[in-house]
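Proteins get letters first, then strands, A, B, ... in listed order; numbering begins at 1 in each.
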There are 2 protein chains.
Amino acid sequence: MVTLAEVAQHAGVSASTVSYVLSGKRSISTTTRQRVEQSIRELGYHPNAGARALASNRSNIIALMVPLRTDMYVPVMMEIAIAVATTARTHGYDVLLLTGEEGPDAVRRVTGSGLADAMILMDVELDDERLPLLRGTDQPSVLIGLPADTTGLTCVDLDFRATGALCVEHLAMLGHRDIAVIGEAPAVYERHTGFAERTLDGLRSRAQELGVRLLHRPCEGGYDAMALTLARILDERPGTTGFVVQNESAVEPLLALLRQQGRAVPEDVSVVAVCPEQVAVQASVRLTSVAIPAQEMGRHAVERLVAKLDGRGADEVVLISPELTVRASTGPAPSRTT
Amino acid sequence: MVTLAEVAQHAGVSASTVSYVLSGKRSISTTTRQRVEQSIRELGYHPNAGARALASNRSNIIALMVPLRTDMYVPVMMEIAIAVATTARTHGYDVLLLTGEEGPDAVRRVTGSGLADAMILMDVELDDERLPLLRGTDQPSVLIGLPADTTGLTCVDLDFRATGALCVEHLAMLGHRDIAVIGEAPAVYERHTGFAERTLDGLRSRAQELGVRLLHRPCEGGYDAMALTLARILDERPGTTGFVVQNESAVEPLLALLRQQGRAVPEDVSVVAVCPEQVAVQASVRLTSVAIPAQEMGRHAVERLVAKLDGRGADEVVLISPELTVRASTGPAPSRTT
DNA sequence: ATAGGCTGTCGAAGCGCTTCGACAGCCTCT
DNA sequence: AGAGGCTGTCGAAGCGCTTCGACAGCCTAT
């Protein structure tokens, strides 16, 4: 293993000079710098992470806490995680992967041990038990998701309230008067996951403003669950012509069921999905959808975090504006000649 | 920040004693140990990771390199990643998330800096450019996936060759004589990803042994691509009654298309999938499938790695035996009364 | 010509921990 | 009763790096 001291000796300078070449924290003459850089290359030197962390009190690691549950919007999680890792690297940080399993203890452990300089939390509940810990430490953090009380916190999320509103609006403009919302699994609502409740909120209030009837039904993913849910919806509101789906694993089943029942999309019923772009495009009907900008969220989170670590930027809530892309699954409501 | 020295002082012992209490590397009297543990709790002491890494030359971190591509079998990746993180924690390790982006450089960086004690690589290609580096270092590593040459490497993977064989076997037993294989996207084969080629291998050789005709077609995910692929298959081999699908995002489209064409599953055609359990169960027809044991793979990988780190266990290739679960998508081939 | 200010480099102190050798005190065996 | 062996504890020496203060040498302004 090559050490700083060896590089220094090889270049004929002192250790501190090498250190300053590396960090750029003091000016170094061009000739010296080049000599040092040359030695570094020749010897294949890599600074020791532990020593660096100890001396500088900075690990250059960002902790990312992902939910343990693998049953929900998994591709989105993965995309965010990868965006976080990629973006972090461009700022010189590595990413430590924590699962939600340890819960608040993980926060304590990481904060206490100096393992990471900062944290990003995903899958935040409205009243998350990790929040007090975050507020009580001076370690910077960013949430992906929006808790009930955001004071003293930095959050990044899609504006799900606006997303809900946008979906209703689109359907209402097309003349739909009876709209059903296929939501996430009941457990998601019971856990008070912010995004689900906020979407619902947006849907409801905009529906009311526009005088549109709304029926919301949570739904586990999968074909069987969707079949049941759909039957119940059409039973209660036979006149339903618009659907908003916020559950990736219900999308394809819904389309299949509608087809099977002889309801044409978009002639008879319209479907709007809240899902990643890829799902919308690959579905059996190209879906009008509001995309979940996973990459953007991951990138934003890291950038806020790095800003905080550099002493720039304060607490702040960043809500990304939803964008609805019209594709082949929505159209004018059928005329009500019944 | 509380340090070891402070704990020592508080407990009235020397720093080394506290260290030995923590590591258990020397025997400590019960009374002393309890006093120290008490102090640790009272002061809320957490060992500093950097200092520890520096002094012991061990970071207690495992690096996990996941593919950057988010276009392929994503849920499987995520499940493996989470299993790795969870299992690692039970052995006292944390997980550093690296993306494939940096490629071989990431290996160099991590090895050189002592950031991690060991690595797990996913998405291994048959002739992966990272392999020489791994062989050239004494840092333990485990591959999830199987390269062409495994000498000097430890690998964990599903036995995809046996998986292919198993699928053909099952269909053949049921009397199917013309089988079509819907494979991963062409890019996957072009990249020479081991698992895809090995599955194909298993399929082909068993098919030959059993005197069954096999047609293999790569397929991008999604509805449109699947429609094209299916049309071509039925054109070339109208008598096809058995399908093997190895591409999660082709499963549902295939089922929908078959339904649409009036081919009943499993009465007219049988479908076997190679996919995670969840996909098989949630599909519109409960699929006979060989599960991809993501969790098990992640767990195994970590356990092998920890064994190596502890000086136990040598290089070894662990192939997990595939298990085929019969569900509702396969049945006897229709009698050939035409 | 000299004071004062830059620039570029160095030496040394220390970050918080692990680990090695030393050794005091006690027990057991002869 | 004394030698030898355990057991439990301590002190000190680093691990490889960052960073602070010091200072030599040079340039500019008076």
Quickly work out the [X] [atom1] to [N] [atom2] distance and round it to whole Å.
X	N	atom1	atom2	value
B/Glu6	C/dG16	CD	C1'	10 Å
A/Asn48	C/dC15	CG	P	18 Å
A/Arg52	C/dC15	CZ	P	20 Å

A/Glu101/B/Arg89 under salt bridge (charged side-chain N to carboxylate O under 4.0 Å, His left out): CA gap, chis, key distance, verdict: CA-CA 10 Å; A/Glu101 193 185 33; B/Arg89 282 304 306 144; over 6 Å; no

Can you find a donor-acceptor N/O pair under 3.5 angstrom joining the side chain of B/Thr3 to the base of C/dG16? no

Does any nucleotide pair with C/dA3 by Watson-Crick or G-U wobble geometry, both distances under 3.5 Å, and what is it? D/dT28

Distance check: side-chain N/O of [X] vs OP1/OP2 of [N], anything under 4.0 Å?
X	N	answer
A/Ser56	D/dT18	no
A/Thr17	C/dC10	yes
B/Lys25	C/dT18	no
B/Ser27	D/dG8	yes
A/Tyr20	C/dG11	no
B/Ser29	D/dT9	yes
A/Arg26	D/dT19	no

Salt bridge present between A/Lys308 and A/Asp315 (N-O < 4.0 angstrom): yes

First of A/Ser16 and A/Thr30 reached from the 5' end of DNA chain C, by closest nucleotide: A/Thr30

Please examine the side chains of A/Leu131 and A/Leu143, heavy atoms only from C-beta on, and report whether any two atoms are closer than 4.5 Å. yes

Can you find a heavy atom in the side chain of A/Arg130 that is under 4.5 Å from one in the side chain of A/Glu125? no

What I want to check is whether the side chains of B/Asp117 and B/Ser59 have a donor and an acceptor closer together than 3.5 Å. yes

What nucleic acid atoms does B/Ser19 come within less than 4.0 Å of, heavy atoms only: base, sugar-phosphate, or nothing? base

Across the strands shown, which category fits B/Leu4 at heavy-atom distances under 4.0 angstrom: base, sugar-phosphate, nothing? base

Where the side chain of B/Ile28 is concerned, which of C/dT9, D/dT9, C/dC10 is the nearest nucleotide? D/dT9

